[in-house]
Structure formats: structure tokens, C-alpha cells
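Take a look at the structure set out below.
Chain letters run A, B, ... following the sequence lines, proteins first and then strands; every chain starts at 1.
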There are 2 protein chains.
Amino acid sequence: MSDPIEYVRERLAQQDQRLTPQRETVLRVLLDHADTHLTAEEVYLEARNRAPELGLATVYRTLDLFARLGVVRRLDAGEGVARYEFHPEGAGHYHHHLICLECGQILEFEQDLLDRVERAVERETGFRVVDHSLLLFGLCPNCQKPSDGDGDRPRSDREASGPA
Amino acid sequence: MSDPIEYVRERLAQQDQRLTPQRETVLRVLLDHADTHLTAEEVYLEARNRAPELGLATVYRTLDLFARLGVVRRLDAGEGVARYEFHPEGAGHYHHHLICLECGQILEFEQDLLDRVERAVERETGFRVVDHSLLLFGLCPNCQKPSDGDGDRPRSDREASGPA
DNA sequence: CTTCCTGCAAAGGGTTTGCACGCCT
DNA sequence: AGGCGTGCAAACCCTTTGCAGGAAG
């Protein structure tokens with residue numbers, strides 16, 4: 001897949017669906033923020049700069065469409081909002097997420113070790129594993145500094161809702 | 001911790017809080033369903049049979065309290081509802097969850113391999129990992145049977161919301 | 001009597017849906 | 001024409017919150 005946009009256009013065409021201007025705008029927003037994990041609202045705000053008449057419902061419908069199409073992944077870190085990232089199925093390995101309980105920042109990391117876990121599970125339970133979600137909660141390097149020395153863990157109780 | 005109820009009572013007392021009849025009811029419901037992962041609504045309905053005047057808000061407040069106390073774990077599988085299970089912190093190893101995309105059933109399994117992942121992450125990123133959530137999505141043995149042979153994966157698109 | 005706790009009802013916030021109109025084939 | 005797709009606003013649903021009354025130390 002050299003051009004993600006054309007790739008998505010074709011995947012849509014296979015189902016007699018079109019990459020409309022609105023959908024393309026949403027897609028471009030995601031591509032332009034490949035390093036982050038945007039909420040629907042954030043996508044909406046950004047997309048609006050480029051296509052002012054676009055509606056939030058369309059953003060939701062588009063993200064949902066892309067997710068079902070397998071080109072976007074939905075990430076639910078238990079914050080009460082879903083986050084989205086461009087990530088076509090089968091495009092290399094899974095990546096997992098590190099979520100800072102203090103500032104909410106989300107980092108990614110690659111790890112293949114999970115394959116072993118999955119296979120063990122399949123063997124032991126008969127479950128057929130199709131996908132997974134691994135979230136690690138903790139404190140990013142920055143947020144470890146401030147109050148670093150007292151026994152009180154700065155576990156912000158309300159936000160980021162902690163481990164899901 | 002031989003008696004979970006007394007354990008919780010003491011934990012609460014440490015913070016000048018009480019194990020009220022309502023809270024005890026909620027706790028008992030959780031204990032009586034240790035094998036499942038109830039939603040707040042389900043806890044509420046069950047608890048109501050035992051204490052009809054109990055309100056849903058109290059159930060939410062209690063579950064939240066227990067979660068902050070570390071005796072209950074909140075599980076968010078991206079369904080749009082949170083699920084809760086009695087699971088005191090430090091009571092043995094983590095357990096993870098297997099979620100059937102077809103019937104929504106949630107199985108648990110134990111795995112320690114994640115410690116290695118966590119330590120690798122801490123070393124490589126400087127993140128301090130405090131907790132984690134591992135969800136495996138797939139098909140339980142039962143749901144593999146029905147349409148087992150056609151290429152069509154019975155990936156129920158709407159429910160269980162798929163991988164989070 | 002002061003603090004903790006509850007029930008009720010209302011508010012809140014993210015997401016979905018109904019509907020009428022527009023667009024592309 | 002016949003779908004597909006969109007915008008708007010309303011509807012939904014889970015969860016939280018404000019408030020006034022109650023119970024416990």
C-alpha cells in the first residue's frame with residue numbers, strides 16, 4: 001500500500017462505497033496525526049478547518065466505517081471516549097499502548113511476545129483469538145519527576161479512569 | 001484474607017468509612033458472582049432483590065469506592081459499559097480476559113509472561129508501569145461451531161464492539 | 001452535632017439515529 | 001430513478017452530580 005488514500009478508496013469501492021470528500025478529509029486528518037490517537041471530537045475539529053460544513057455525525061459514521069473496513073483502529077482506554085488511529089489490518093505487527101495516568105499521554109510500543117500468550121490461550125481454552133488489546137497504565141518519564149520522593153503515588157483517581 | 005467482607009470492612013474503616021448495608025449488599029452480589037463480570041446495572045438488579053430500596057446511584061458510588069479501594073476491578077471491554085469483579089489488589093497474579101465477539105462471554109486466564117513485557121517497556125521507554133489491561137478478542141469454542149467451514153468470519157459487527 | 005451516606009431526579013457527555021435533502025451512476 | 005452519503009437535531013445510554021433527608025460515631 002504505497003498510497004493509503006487510494007488504498008482506502010479501493011477498499012471502499014469493493015463494497016460499492018465511495019471515498020467522498022468528507023471521508024477523505026477524515027482520512028487525511030488521521031494520516032496527518034499518525035503519531036497520536038485522536039478522539040472523534042478532535043478529528044471533527046481538525047477536519048472542520050478543512051471542510052467547514054462537515055458534521056460530527058459524519059465523522060462518527062466515517063470512523064466507524066473505516067474501523068469496520070479494517071483501516072482504522074479504535075482504542076478504548078476506559079476514559080469514556082474512544083480514540084482512533086490509522087492502522088490497516090495486517091500492516092506489520094500489533095502495537096500496544098502505554099497510557100500515562102497523570103497526563104493522559106499515550107505512547108506506542110511494539111512487542112511480539114503476545115503471540116506466545118495467544119497461542120497458549122488457544123491451546124488451553126479452545127478459544128480462537130482474533131485480536132487483542134494491551135494497555136499499560138503508568139507514569140511517563142515527565143510525570144515521574146514532580147513529586148518524586150514521597151510515598152504517595154500520584155495516581156490521579158478520577159481522570160484517565162485508571163486501568164480498564 | 002479469609003473473610004472478604006471483614007477485609008473490606010477494615011479497609012473502609014481505615015479511611016473512616018463504613019460498610020453500610022447497601023455496600024455490603026453490593027459486595028455480596030459481587031462475591032456471589034465471582035465467576036462473571038457484572039455491569040453496574042446487573043449488580044443493581046441483583047442487589048435490589050436483596051434490598052429493594054437501594055438506588056442505582058449508590059451502586060455506582062459503591063463500585064467506584066471499591067475500585068478506588070482496590071478490592072474491585074473495573075473492566076472496560078469497549079462495549080460502552082463497564083464491568084466489575086471482586087478482585088483485591090495483590091491477591092495473586094493478574095488475570096486477563098478473553099472476550100467472545102459472538103456471544104460476549106468473558107473468560108479469564110492467568111498469564112505471567114506480561115511481567116517481561118512490562119519490564120522491557122520500562123527499560124526502553126522510561127515509563128513506570130503501574131497496571132495493565134490485556135483483552136483478547138476471539139471466538140469461544142461454542143461460537144466456533146455453528147458456521148464452521150465457510151470463509152465468512154461471524155464477526156458480529158455491532159455488538160461487543162470488537163477490539164478496543 | 002458533625003460527618004458519612006443514601007435516594008431521587010436531573011444533568012452530563014459521548015455516540016447513535018431519524019429524517020429530509022443532495023449527489024453520483 | 002435508485003442508492004449511497006450528509007447535516008442537523010433529537011434521541012440514547014451509561015454514568016455522575018446536586019440536594020435534602022437519615023444514620024452512625
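Between A:Asp64 atom CG and C:dG14 atom P there is a gap of 18 Å when expressed in whole angstrom units. Between the CZ atom of B:Arg61 and the P atom of D:dT16 there is a distance of 11 Å, rounded to whole Å. Rounded to a whole Å, the CG atom of A:Leu69 is 15 Å from the C1' atom of D:dG5. If you measure from atom OH of A:Tyr44 to atom C1' of C:dT16, you get 16 Å, rounded to the nearest angstrom. Note: CG (B:Leu12) to C1' (C:dC5) measures 12 Å, nearest angstrom. For the pair B:Leu63 CG and C:dT6 P, the computed distance is 12 Å after rounding to whole Å. We find that CG of B:Asp76 is positioned 15 Å from P of C:dG14, with the value rounded to whole Å. Look at CZ on A:Arg68: it is 12 Å from C1' on C:dT16, rounded to the nearest Å.
In this structure the side chain of B:Val129 reaches within 4.5 angstrom of the side chain of A:Leu98, judged on heavy atoms.
The pair B:Glu122-B:Arg119 fails the salt-bridge criterion, with no side-chain N (NZ, NE, NH1 or NH2) lying under 4.0 Å from an Asp/Glu carboxylate O.
Summarising the geometry, atom CG belonging to B:Asp131 is positioned 10.0 Å from atom CG belonging to A:Leu135; distances are rounded to the nearest 0.5 Å. The distance from atom CD of A:Glu89 to atom CG of A:Leu69, rounded to the nearest 0.5 Å, is 8.5 Å. With values rounded to the nearest 0.5 angstrom, B:Thr39 atom OG1 is found 9.5 Å from B:Leu63 atom CG.
Of the residues in residues 22-42 of chain B, those with a non-hydrogen atom less than 4.0 angstrom from any atom of DNA chain C are B:Gln22, B:Arg23.
Pairing each heavy atom of A:Cys140 with each of A:Cys100, the nearest pair is N-SG, 3.4 Å. For A:Ile5 against A:Asp3, the heavy-atom pair with the smallest separation is N-OD1, 2.9 Å. When all heavy atoms of B:Tyr44 and B:Gly55 are compared, the pair lying nearest together is CE1-C, 3.6 Å. Between A:Arg23 and A:Phe66, the closest heavy-atom pair is O-CZ, 3.8 Å.
Comparing D:dT6, D:dT15, C:dG7 by their closest approach to the side chain of A:Thr58 singles out D:dT6. Candidate nucleotides D:dT15, C:dT15, C:dT6 were compared by shortest atom distance to the side chain of B:Leu56, and D:dT15 ranks first.
Distances shown here put a side-chain N or O of A:Tyr60 below 4.0 Å from the OP1 or OP2 atom of C:dT15. Checking the phosphate oxygens (OP1, OP2) of C:dC5, no side-chain nitrogen or oxygen of B:Thr20 falls inside 4.0 Å.
Relative ring orientation between B:His95 and B:His87 is described as perpendicular, the plane-to-plane angle rising above 60° on a 0-90° scale split at 30° and 60°.
Between B:His37 and the options B:Arg74, B:Arg73, B:His97, B:Arg83, a side-chain hydrogen bond (donor to acceptor under 3.5 Å, both in side chains) holds for only B:His97.
Between the two ends of the helix from C:dC1-D:dG25 to C:dT25-D:dA1, each summarised by a five-pair axis, the helix axis turns through 10° (rounded to 10 degrees).
Listed for the B:Gln144 side chain is a donor-acceptor partner under 3.5 Å among the backbone atoms of A:Gly126.
Counting only residues at least two apart or in different chains, ring-ring contact (aromatic ring centres under 6.0 Å, His included) contacts with residues 104-126 of chain B comprise B:His96-B:Phe109. Within the structure, salt bridge (Lys or Arg N to Asp or Glu O under 4.0 Å) pairs that include any residue of residues 11-22 of chain A do not occur (at least two apart or interchain).
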Show the distances under 3.5 angstrom between N or O atoms of the protein and N or O atoms of nucleotides 21-25 of chain C.
| unit_1 | atom_1 | unit_2 | atom_2 | d |
| --- | --- | --- | --- | --- |
| C:dC24 | O4' | A:Arg18 | NH1 | 3.3 |

At a cut-off of 3.5 Å, list every protein nitrogen or oxygen paired with a nitrogen or oxygen from nucleotides 9-12 of chain D, distance to 0.1 Å.
none

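In terms of position on DNA chain C, the residue among B:Asp16 and A:Ala82 whose nearest nucleotide sits closer to the 5' end is B:Asp16.
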